[in-house]
Amino acid sequence: MSVDPAVLGRREIATSDEMERLGFVIGEQLTAGDLLVLTGPLGAGKTTFTRGLAEGLGVRGPVQSPTFVIARTHPSLVGRAPLVHVDAYRLGSAAELDDLDVDFARSVVVIEWGREMAPAIADAWWDIEIERPVGGAEDIADEDLDADAARIVTIERVEQ
Ligand SMILES: Nc1ncnc2c1ncn2[C@@H]1O[C@H](COP(=O)(O)OP(=O)(O)OP(=O)(O)O)[C@@H](O)[C@H]1O
Ligand SMILES: [Mg+2]
């Protein structure tokens with residue numbers, strides 16, 4: 001486990017800048033073989049977190065929601081591990097993830113929507129849940145939604 005246990009637990013993240021900073025601090029500590037799984041409704045901040053993480057890890061950007069590709073590899077700019085950023089939203093199963101041939105041992109891997117697949121692909125990972133106290137998938141297009149509301153982020157280490 002390469003991340004300071006102090007990051008574990010539940011906290012409120014008030015702004016997207018703060019979400020990036022949380023990702024940055026974690027990204028600074030990650031090493032090859034680390035896996036993180038991000039769970040949270042559309043627009044929760046999964047990609048925002050990953051953008052900060054990428055910067056902390058020192059990989060080439062830009063980190064975007066991988067809408068047209070399911071997995072994108074960001075090479076390191078500093079001689080550390082590359083980041084593989086996966087959007088598992090449209091993946092049906094861990095077998096389909098397997099087809100992507102991700103080199104888990106040599107990469108830091110972040111999987112948005114990957115919670116159900118994680119047990120089939122790894123022995124240990126960080127489970128990161130981002131809650132939006134207001135809104136969710138069905139509300140994201142609603143102009144009235146307070147998109148800037150604070151998020152609740154819970155980070156747990158899972159070992160099976
Ligand atoms: N406290 C906050 N934490 C994170 N993002 C926030 C916060 N407040 C506002 N935002 C905004 O919410 C949006 C989050 O979008 P982002 O693409 O990161 O979500 P996502 O979880 O990856 O969504 P998707 O499921 O569509 O991939 C951004 O526009 C960000 O600026
Ligand atoms: Mg996203």
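Ligands are counted one by one from 1 in listed order, and the atoms in each one are counted from 1 as well. Only heavy atoms go into these numbers, but all of them, side chains included; no hydrogens, no water, no symmetry mates. Numbering starts at 1 and runs along the sequence shown.
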Against heavy atoms of [X], which atoms of ligand 1 measure under 4.0 Å?
X: M19; answer: 3 (N), 4 (C)
X: A14; answer: 1 (N)
X: P41; answer: 21 (O)
X: S65; answer: 27 (O)
X: A44; answer: 4 (C), 19 (O), 20 (P), 21 (O)
X: A149; answer: 1 (N), 8 (N)

What I'd like to find out is whether the side chain of [X] reaches to under 4.5 Å of the side chain of [Y], using heavy atoms alone.
X: L53; Y: L36; answer: yes
X: W126; Y: L35; answer: no
X: T47; Y: E112; answer: yes
X: V153; Y: E129; answer: no
X: E96; Y: I70; answer: no

Answer with yes or no whether Y89 contacts ligand 1, where contact means a heavy atom under 4.0 Å from a ligand atom.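 Checking ligand 1 against Y89, which is what was asked, there is no heavy-atom contact under 4.0 Å.
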
Contact summary for [X] and [Y], nearest pair of heavy atoms:
X: R157; Y: L8; answer: N-CD2, 3.9 Å
X: I130; Y: M19; answer: CG2-CE, 3.8 Å
X: A120; Y: A94; answer: CB-CB, 3.7 Å
X: V102; Y: V84; answer: CG1-CG1, 4.1 Å

For F104, does the CZ atom have more than 12 heavy-atom neighbours from other residues, nucleotides or ligands under 6.0 Å away?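 Yes.
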
Should we say atom CZ of R106 is surrounded by more than 12 heavy atoms from elsewhere, each under 6.0 Å from it?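 Count not over threshold, so no.
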
Heavy-atom pairs closer than 4.0 Å: do any link ligand 1 to the side chain of [X], the backbone, both, or neither?
X: W113; answer: side chain
X: E112; answer: side chain
X: D87; answer: neither

Protein heavy-atom partner closest to [atom] - residue, atom, separation in Å:
atom: atom 23 (O) of ligand 1; value: G43 N, 2.9 Å
atom: atom 17 (O) of ligand 1; value: T47 CB, 3.7 Å
atom: atom 20 (P) of ligand 1; value: K46 N, 3.5 Å
atom: atom 26 (O) of ligand 1; value: L42 CD2, 3.5 Å
atom: atom 9 (C) of ligand 1; value: A147 O, 3.0 Å
atom: atom 30 (C) of ligand 1; value: S16 CB, 3.7 Å
atom: atom 28 (C) of ligand 1; value: T48 OG1, 4.0 Å
atom: atom 1 (N) of ligand 1; value: I13 O, 3.1 Å

With a cut-off of 2.8 Å, does D87 place any N/O/S atom under that distance from the Mg ion (ligand 2)?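 For D87, the answer is no, given that no N, O or S atom comes within less than 2.8 Å of the Mg ion (ligand 2).
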
Under 2.8 Å from the Mg ion (ligand 2), is there an N/O/S atom belonging to T50? no

For ligand 1 and G45, I'd like to know whether there is a polar contact (N/O to N/O, distance under 3.5 Å). yes

Would you check the N or O atoms of R151, main chain and side chain alike, for any that come under 3.5 Å of an N or O of ligand 1? yes

The atom of E112 among N, O or S that is nearest the Mg ion (ligand 2) is OE1

Given the rule in the side chain to side chain contact (heavy atoms under 4.5 Å, CB included) test, do Q64 and R72 qualify, once you have shown the distances and angles that lead to the verdict? CA-CA 9 Å; Q64 298 160 333; R72 190 177 273 128; 3.7 Å; yes

Would L22 and R11 count as a side chain to side chain contact (heavy atoms under 4.5 Å, CB included) if you check the C-alpha gap in whole Å, the side-chain angles of each, and the deciding distance to 0.1 Å? CA-CA 10 Å; L22 176 65; R11 76 219 1 100; 4.0 Å; yes

Donor-acceptor pair, distance only, cut-off 3.5 Å: does the side chain of R80 make one with the backbone of G58?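 No: the side chain of R80 does not pair with the backbone of G58.
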
